[in-house]
Amino acid sequence: MTRIKPAHPSLALLIDGVVAKEFPLDKPEITIGRRSDNDIRIDDIAVSGRHARILVRPNRYLEGTADVFIEDLDSTNGTKVNGTPIRHRRLAPGDLIQIGWNSFKLLDPTQTDLERTAYILQE
């Protein structure tokens with residue numbers, strides 16, 4: 001069976017390094033936390049009620065791609081990207097996000113390795 005990749009980025013919940021579930025990032029803003037009104041609900045005491053927010057914005061320079069950002073919402077235990085605590089950060093495909101005891105990986109089929117290079121803009 002061939003799996004069709006979504007045309008938008010997603011967060012993959014990892015358990016022992018294996019994708020257990022994918023959450024499509026198909027809205028401009030996705031909230032993550034323990035409360036039931038979050039888009040991605042995590043039932044983990046180490047996760048704040050409203051822990052983090054994912055922002056998805058169309059890339060201004062590369063048509064058909066999106067820029068994905070993560071913000072910690074003053075959570076008690078913080079949010080880490082690739083092991084580093086963050087407040088606000090742009091994510092790249094493959095980045096590992098830690099929220100409480102949960103690990104996620106950003107998957108983005110719209111970006112190739114070439115598109116991960118720096119944007120050089122003339123002002």
Side-chain angles (χ1 to χ4, degrees):
M1 181 164 108
T2 303
R3 184 173 175 198
I4 298 172
K5 291 185 178 181
H8 47 73
S10 64
L11 275 186
L13 174 63
L14 302 177
I15 297 177
D16 294 329
V18 176
V19 175
K21 184 173 183 177
E22 280 189 47
F23 299 93
L25 303 180
D26 54 2
K27 299 188 322 185
E29 183 175 313
I30 291 102
T31 59
I32 303 170
R34 200 172 65 240
R35 293 191 338 214
S36 62
D37 63 342
N38 286 291
D39 299 301
I40 300 174
R41 184 176 181 277
I42 303 173
D43 188 18
D44 176 349
I45 197 155
V47 175
S48 295
R50 180 84 57 183
H51 196 101
R53 172 176 39 218
I54 301 285
L55 303 169
V56 181
R57 303 290 184 257
N59 184 286
R60 295 182 351 184
Y61 307 104
L62 296 171
E63 187 176 332
T65 65
D67 292 324
V68 180
F69 300 88
I70 188 166
E71 295 178 339
D72 183 79
L73 298 176
D74 295 322
S75 66
T76 302
N77 293 311
T79 301
K80 292 181 181 178
V81 175
N82 300 325
T84 303
I86 60 95
R87 300 275 303 145
H88 177 87
R89 179 168 166 174
R90 182 179 188 267
L91 296 173
D95 278 349
L96 296 175
I97 300 133
Q98 184 177 349
I99 296 176
W101 298 105
N102 302 273
S103 295
F104 296 88
K105 184 175 187 176
L106 178 66
L107 305 177
D108 191 349
T110 68
Q111 290 197 9
T112 64
D113 287 337
L114 179 61
E115 292 166 340
R116 291 180 60 190
T117 60
Y119 302 115
I120 300 173
L121 307 175
Q122 294 180 350
E123 295 186 33

query: Does the pair Asp67/Arg60 count as a salt bridge with the N-to-O cut at 4.0 Å?
result: no

statement: CG of Asp72 to CD1 of Ile32, rounded to nearest 0.5 Å, is 10.5 Å

- request: Determine yes or no for a side-chain-to-main-chain donor-acceptor pair under 3.5 angstrom, with Arg34 supplying the side chain and Ile42 the backbone.
  value: no

message: Applying side-chain contact (heavy atoms from CB on, under 4.5 Å) to Asp37 and Arg50, what does each step give before you reach the verdict?
response: CA-CA 9 Å; Asp37 63 342; Arg50 180 84 57 183; 2.9 Å; yes

field: Ala20 to Ile15 - nearest heavy-atom pair and separation
entry: CB-CD1, 3.6 Å

field: Same apolar cluster: Phe23 and Ile70, side chain cutoff 4.5 Å
entry: yes

- prompt: Could you give all pairs that pass the ring pair (Phe, Tyr, Trp, His ring centres under 6.0 Å) test and reach residues 80-106, with sequence neighbours left out?
  reply: Phe69-His88

Euclidean distance, Ile86 CD1 relative to Thr79 OG1, rounded to 0.5 Å: 5.0 Å

message: Could you check whether any side-chain N or O of His51 sits under 3.5 Å from a backbone N or O of Gly78, counting only pairs where one atom can act as donor and the other as acceptor?
response: yes

- request: Measure across Pro93 and Asp108 and return the closest heavy-atom pair with its distance rounded to 0.1 Å.
  value: CG-CB, 3.8 Å

field: Value rounded to 0.5 Å, distance of CG in Leu73 from CZ in Arg53
entry: 5.0 Å

message: Looking at every non-hydrogen atom in both residues, tell me the closest pair between Glu71 and Leu55 and how far apart they are.
response: OE2-CD1, 3.5 Å

- line: Residue set satisfying side chain to side chain donor-acceptor pair (under 3.5 Å) with Arg89, at least two apart, ordered chain then number -> none

field: Separation between CD1 of Ile99 and CD1 of Ile40, rounded to the nearest 0.5 Å
entry: 7.5 Å

- prompt: Can you name the nearest heavy-atom pair linking Val47 to Gly100, along with the distance?
  reply: CG2-CA, 4.0 Å

Common cluster, Leu13/Leu25, ILVMFWY with side-chain heavy-atom separation under 4.5 Å: yes

message: Tell me the closest heavy-atom pair linking Gly94 and Lys105, and the distance in Å.
response: CA-CE, 3.8 Å

- prompt: With no hydrogens and no angle check, is any side-chain donor or acceptor of Arg57 less than 3.5 Å from a backbone partner on Pro28?
  reply: yes

message: Using the side chain to side chain donor-acceptor pair (under 3.5 Å) criterion, which residues pair with Asp74? Sequence neighbours excluded.
response: Arg87

query: Quick one: CG on Leu106 to CG on Leu11, what's the gap to the nearest 0.5 Å?
result: 6.0 Å

query: Between CG of Leu107 and CD of Glu22, what distance do you get to the nearest 0.5 Å?
result: 5.0 Å

